[in-house]
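Before any comments, here is the structure.
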Amino acid sequence: MSSAPSDLLPESVELPGTRRLRFAPSPTGDLHIGNVRTALLSYCLAGEDGRFLVRIEDTDRERYQPEAVPRYLETLAWLGLRWDEGPDIGGPCEPYVESERLPYFQAAAERLVAAGAAYFCFCTKERLDELRAAQRTAGLPTRYDGHCRNLPPAEAVGRRERGEPSVVRLLVPPGETRWDDLVLGPQLVDNLSVDDQVLLKSDGFPTYHLAQVVDDHLMGITEVVRAVEWLPSTPKHLITYAALGWRPPRFAHVALVLGPDHSKLSKRHGAQTVTEFRELGYLPEALVNFLAFLGWSPGTEEEIFTLAELRQRMTFERLQSSPAILDQQRLDYLNGVWIRKLTVEQLAQRIKPFLPQATPEQLVPITAMVQERIRRLDQVPGLLTFAFSEPTPDADFLRGKLSREVARAFLEQVPALLDGDPDQLMDRLRSLAQELGVGDPTTEKKVLQSVMRVLRVATTGAEVTPPLPESIALIGKEAAVRRIQRAVRVLSEAG
RNA sequence: GCCCGCAUCGUCUAGCGGUUAGGACACCACUCUUUCAAGGUGGUAACCGGGGUUCGACUCCCCGUGCGGGUACCA
């Protein structure tokens with residue numbers, strides 16, 4: 001057999017980075033929060049002296065969505081996960097798109113076949129289906145029966161030349177496979193339970209199993225961080241590395257992220273893609289901080305971390321092996337923390353897309369008003385409806401617990417108080433309220449509250465708003481007076 | 001069915017043979033306060049079950065149970 005194809009496989013040369021970790025998403029749809037978590041872990045675990053690379057795993061032609069690639073990259077960038085090598089910026093191991101690396105996979109497959117570590121298989125889908133069904137009813141493990149394992153090479157070549165569709169399967173040797181997982185510890189698998197995996201599909205594309213092994217080797221990947229769903233196929237990968245004479249990377253299998261009902265995260269759990277979380281008004285800083293703690297902890301009681309700090313601190317030793325449930329309340333809390341950590345100007349920029357009706361001049365004052373009271377950016381419009389539309393509270397809503405007379409008497413005198421120093425407005429309102437509170441059986445404090453409530457409802461139409469002086473300043477004195485006068489009218493007419 | 005992994009408050013977690021089992025979210029009080037938040041103080045709440053090993057198990061081993069994953073020419 002010719003050795004030419006194998007020459008297509010370059011031996012890895014010196015590559016930059018003490019550690020090289022990659023994120024290799026399959027471009028189908030939108031980036032799932034679970035995927036992003038492994039990307040985050042890989043980015044952090046690469047450390048400050050390591051390299052983080054992105055490789056596009058587009059070997060499934062059925063599910064491939066070309067538009068997904070730029071979207072994925074944009075999402076990673078939004079989160080701040082900067083890659084050192086990737087499809088857009090290139091690097092020493094170009095190209096970083098698997099569909100452009102077919103010769104490598106085909107060469108590897110041929111090398112494996114030549115070495116007797118893999119073989120051509122001509123079994124049809126129908127035969128395989130029947131086989132599995134029969135095995136299952138017999139209570140046996142469902143796996144390939146080795147039907148094509150011992151085809152004479154000449155026959156295999158002949159059938160291929162005649163155009164019969166074929167795949168290349170890994171020939172799993174007897175024995176056992178062991179490795180020391182960076183998260184789960186020592187693993188031992190009897191090769192009897194490892195299937196003869198298809199490495200090269202009949203369309204000439206590799207399966208994940210081959211592509212991952214070949215590319216991780218050629219790209220000098222030192223550690224592979226992936227979800228436990230890959231655990232059962234690790235022996236296949238290790239056997240492939242060994243057959244190719246390559247040293248495998250170390251593996252770190254992290255547990256899955258589950259929904260609140262302990263099942264795999266899916267649509268019915270609400271937001272699950274990064275884009276969805278972004279549209280709900282979560283900050284990348286919060287998402288990163290939150291995700292990092294799903295399966296990792298610093299071992300101290302610190303819990304607020306920037307991405308840079310995470311990259312500095314994260315180690316494989318502290319990775320957790322049990323699954324984590326996505327708790328959105330905790331995410332909300334962390335998001336609130338990060339919202340308050342930003343400067344008003346920074347936050348204003350983040351709020352901007354959520355409040356397109358705000359003028360540039362309004363944006364900063366608005367931000368200052370809401371910064372302490374929101375946990376998500378999408379809550380901003382709800383807090384500020386009064387600023388962008390005229391409220392129309394009715395008399396009963398206006399007066400609340402107060403009598404119409406007291407409510408009206410109070411409101412009638414407010415416009416005059418609006419003129420002085422805005423910082424003292426509360427003091428002036430307080431004095432006015434105290435005057436009106438004389439003779440009232442309730443405490444002064446309660447009177448003050450009721451009376452402020454009337455003014456709040458009159459000017460904003462809501463019981464819950466940012467502080468009154470700022471709210472009034474936002475809508476402007478003129479509008480405030482107009483709204484108060486309207487309220488007075490409503491209260492009078494109701495009588 | 002078969003193979004594999006996991007198991008501390010409701011949730012995220014600390015713990016790595018001897019602790020009053022710690023922190024955070026959520027929740028409940030109180031506090032601050034013009035509402036709502038934010039902040040402060042305090043509180044409720046956990047080692048899945050059964051066997052071992054050991055002077056001593058949340059911690060180590062085995063079994064069970066529960067949950068999760070794999071079982072594709074998808075990743």
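Below, chains carry the letters A, B, ... as their sequence lines are ordered, and counting in each starts from 1. Reckoned from all heavy atoms, side chains included, excluding hydrogens, waters and symmetry mates.
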Next on the checklist: If you compare all heavy atoms of Pro206(A) against all heavy atoms of Ala211(A), which two are closest, and at what distance to 0.1 Å?
Outcome noted: CG-CB, 3.9 Å
Item to check | d(CG, Asp332(A); P, A37(B)) in whole Å | outcome: 14 Å
Checklist entry - How would you label the contact of Arg226(A) with the nucleic acid (heavy atoms, under 4.0 Å): base, sugar-phosphate, or nothing? => result nothing
Item to check | Nearest-Å distance once atom P is located in both C28(B) and A37(B) | outcome: 11 Å
Item to check | Whether Trp296(A) and Phe293(A) hold their rings parallel, tilted or perpendicular, with breakpoints at 30° and 60° | outcome: perpendicular
Checklist entry - Base, sugar-phosphate, or nothing: which does Gly336(A) touch, judged by heavy atoms less than 4.0 Å apart? => result nothing
Next on the checklist: Please pick, from U11(B), A24(B), G68(B), the nucleotide with the shortest atom-to-atom distance to any side-chain atom of Asp327(A).
Outcome noted: U11(B)
Next on the checklist: Does a side-chain N or O of Arg143(A) approach OP1 or OP2 of C2(B) to a distance below 4.0 Å, or not?
Outcome noted: no
Next on the checklist: Restricting to non-hydrogen atoms, name the atom on Val257(A) and the atom on Arg37(A) that form the minimum distance, rounded to 0.1 Å.
Outcome noted: CG2-NE, 3.5 Å
Checklist entry - Whole-Å distance between U71(B) C1' and Leu128(A) CG? => result 14 Å
Item to check | Distance, P atom - from G69(B) to G23(B), rounded to whole angstrom | outcome: 33 Å
Item to check | Arg250(A) bridged to Asp181(A) by N-O distance under 4.0 Å | outcome: no
Checklist entry - Can you tell which of A24(B), A37(B), G22(B) lies closest to the side chain of Glu301(A)? => result G22(B)
Item to check | Any N/O donor-acceptor pair, Arg453(A) side-chain to U35(B) base, under 3.5 Å | outcome: no
Checklist entry - In whole Å, what is the span from the NE2 atom of His262(A) to the P atom of U65(B)? => result 20 Å
Next on the checklist: In whole Å, measure the gap between the C1' atoms of U65(B) and C48(B) for me.
Outcome noted: 8 Å
Item to check | Shortest side-chain distance from Arg169(A), nucleotide among A75(B), C73(B), A14(B) | outcome: C73(B)
Item to check | Contact nearer the 5' end of RNA chain B, comparing Arg136(A) with Glu229(A) | outcome: Arg136(A)
Checklist outcome for this item: Of the listed G69(B), A26(B), U34(B), the closest approach to the Gln329(A) side chain comes from A26(B)
Checklist entry - Is there a donor-acceptor contact under 3.5 Å linking the side chains of Arg408(A) and Gln413(A)? => result no
Next on the checklist: Quick check for you: among U13(B), A72(B), U35(B), whose closest atom lies nearest to any side-chain atom of Pro467(A)?
Outcome noted: U35(B)
Checklist entry - Parallel under 30°, tilted from 30 to 60°, perpendicular over 60°: which one fits the rings of Phe251(A) and Tyr241(A)? => result perpendicular
Item to check | Side-chain H-bond candidate by donor/acceptor type, Asn191(A) with Thr177(A), under 3.5 Å | outcome: yes
Next on the checklist: Using a heavy-atom cut-off of 4.0 Å across all strands, would you classify Lys264(A) as base, sugar-phosphate, or nothing?
Outcome noted: sugar-phosphate
Checklist entry - Quick one: is A75(B) close enough that its OP1 or OP2 comes under 4.0 Å of any side-chain N or O from Thr59(A)? => result yes
Item to check | Lys236(A) side-chain N/O to C3(B) phosphate OP1/OP2 under 4.0 Å | outcome: no
Item to check | Nearest-Å distance for atom pair OH/P, residues Tyr333(A) and A37(B) | outcome: 16 Å
Item to check | Gap in Å between the two P atoms, one belonging to A24(B) and one to U44(B), rounded | outcome: 14 Å
Next on the checklist: Base, sugar-phosphate or nothing for Gln371(A)? Non-hydrogen atoms, less than 4.0 Å.
Outcome noted: nothing
Checklist entry - Is the Lys NZ or Arg CZ of Arg169(A) less than 6.0 Å from the centre of Tyr119(A)'s six-membered ring, within 45° of the axis? => result no
Checklist entry - Which residue, Asp378(A), Asn335(A), Asp332(A), forms the side chain to side chain donor-acceptor pair (under 3.5 Å) with Tyr282(A)? => result Asp332(A)
Checklist entry - Rounding to the closest angstrom, what is the interatomic distance between C58(B) and G18(B) at atom C1'? => result 12 Å
Next on the checklist: Does Ala324(A) reach a base, just sugar-phosphate, or nothing at all? Heavy atoms under 4.0 Å.
Outcome noted: sugar-phosphate
Checklist entry - Has the side chain of Ser202(A) got a donor or acceptor that lies under 3.5 Å from a partner of the other kind on the base of C73(B)? => result yes
Checklist entry - Contact class for Leu184(A) (heavy atom, under 4.0 Å): base, sugar-phosphate, or nothing? => result sugar-phosphate
Checklist entry - Is there a side-chain polar atom (N or O) of Ser297(A) under 4.0 Å from OP1 or OP2 of A14(B)? => result yes
Item to check | Euclidean distance, atom CG of residue Leu294(A) to atom P of C25(B) [Å, nearest integer] | outcome: 16 Å
Next on the checklist: Distance check needed: A37(B) P versus Leu377(A) CG, whole Å only.
Outcome noted: 19 Å
Item to check | Touch class at under 4.0 angstrom, heavy-atom based, for Glu57(A) against every strand present | outcome: sugar-phosphate
Checklist entry - Is any side-chain nitrogen or oxygen of Arg132(A) closer than 4.0 Å to OP1 or OP2 of A72(B)? => result yes
Item to check | Options G5(B), U35(B), C12(B), nucleotide nearest the side-chain atoms of Ile325(A) | outcome: C12(B)
Checklist outcome for this item: Winner on side-chain proximity to Leu256(A), out of C74(B), G15(B), G68(B), is G68(B)
Checklist entry - Touch check for Pro25(A), heavy atoms < 4.0 angstrom, all strands: base, sugar-phosphate only, or nothing? => result nothing
Next on the checklist: Looking at Arg375(A), I'd like to know whether one of its side-chain N or O atoms comes within less than 4.0 Å of OP1 or OP2 on A26(B).
Outcome noted: yes
Item to check | Nucleotide of A75(B), U34(B), C6(B) approaching Asp60(A) most closely (side-chain heavy atoms) | outcome: A75(B)
Checklist entry - G15(B), A75(B), U35(B): which one has an atom nearest the side-chain heavy atoms of Arg63(A)? => result A75(B)
Checklist entry - So what does Pro466(A) hit on the nucleic acid, given a heavy-atom distance under 4.0 Å: a base, only sugar-phosphate, or nothing? => result base
Next on the checklist: Work out how far the P atom of C12(B) is from that of A75(B), and round it to whole angstrom.
Outcome noted: 31 Å
Next on the checklist: Would the base of A24(B) count as contacting Arg330(A) through its side chain, where contact means a donor and an acceptor less than 3.5 Å apart?
Outcome noted: yes
Next on the checklist: By the 4.0 Å heavy-atom rule, please label Ser26(A) as base, sugar-phosphate, or nothing.
Outcome noted: sugar-phosphate
Checklist entry - Atom CG of Asp261(A) and atom P of G68(B): how far apart are they, to the nearest Å? => result 8 Å
Checklist entry - Got a salt bridge between Arg350(A) and Glu285(A), using NZ or NE/NH1/NH2 to carboxylate O under 4.0 Å? => result yes
Next on the checklist: Heavy atoms only, 4.0 Å cut-off, all strands: where does Thr142(A) land among base, sugar-phosphate and nothing?
Outcome noted: base
Next on the checklist: By the 4.0 Å heavy-atom rule, please label Val167(A) as base, sugar-phosphate, or nothing.
Outcome noted: base
Checklist entry - For atom P, what is the distance between A7(B) and C60(B), given to the nearest Å? => result 9 Å
Checklist entry - With sugar-phosphate meaning primed atoms plus P, OP1 and OP2, does Gln320(A) contact a base, only sugar-phosphate, or nothing at under 4.0 Å between heavy atoms? => result sugar-phosphate
Checklist entry - Between A75(B), A7(B), C73(B), which nucleotide gets closest to the side-chain atoms of Ser322(A)? => result A7(B)
Checklist entry - What interatomic distance, in whole Å, is found between P of C62(B) and the corresponding atom of A46(B)? => result 29 Å
Checklist entry - Gln197(A) or Arg456(A): which one's nearest nucleotide on RNA chain B is closer to the 5' end? => result Arg456(A)
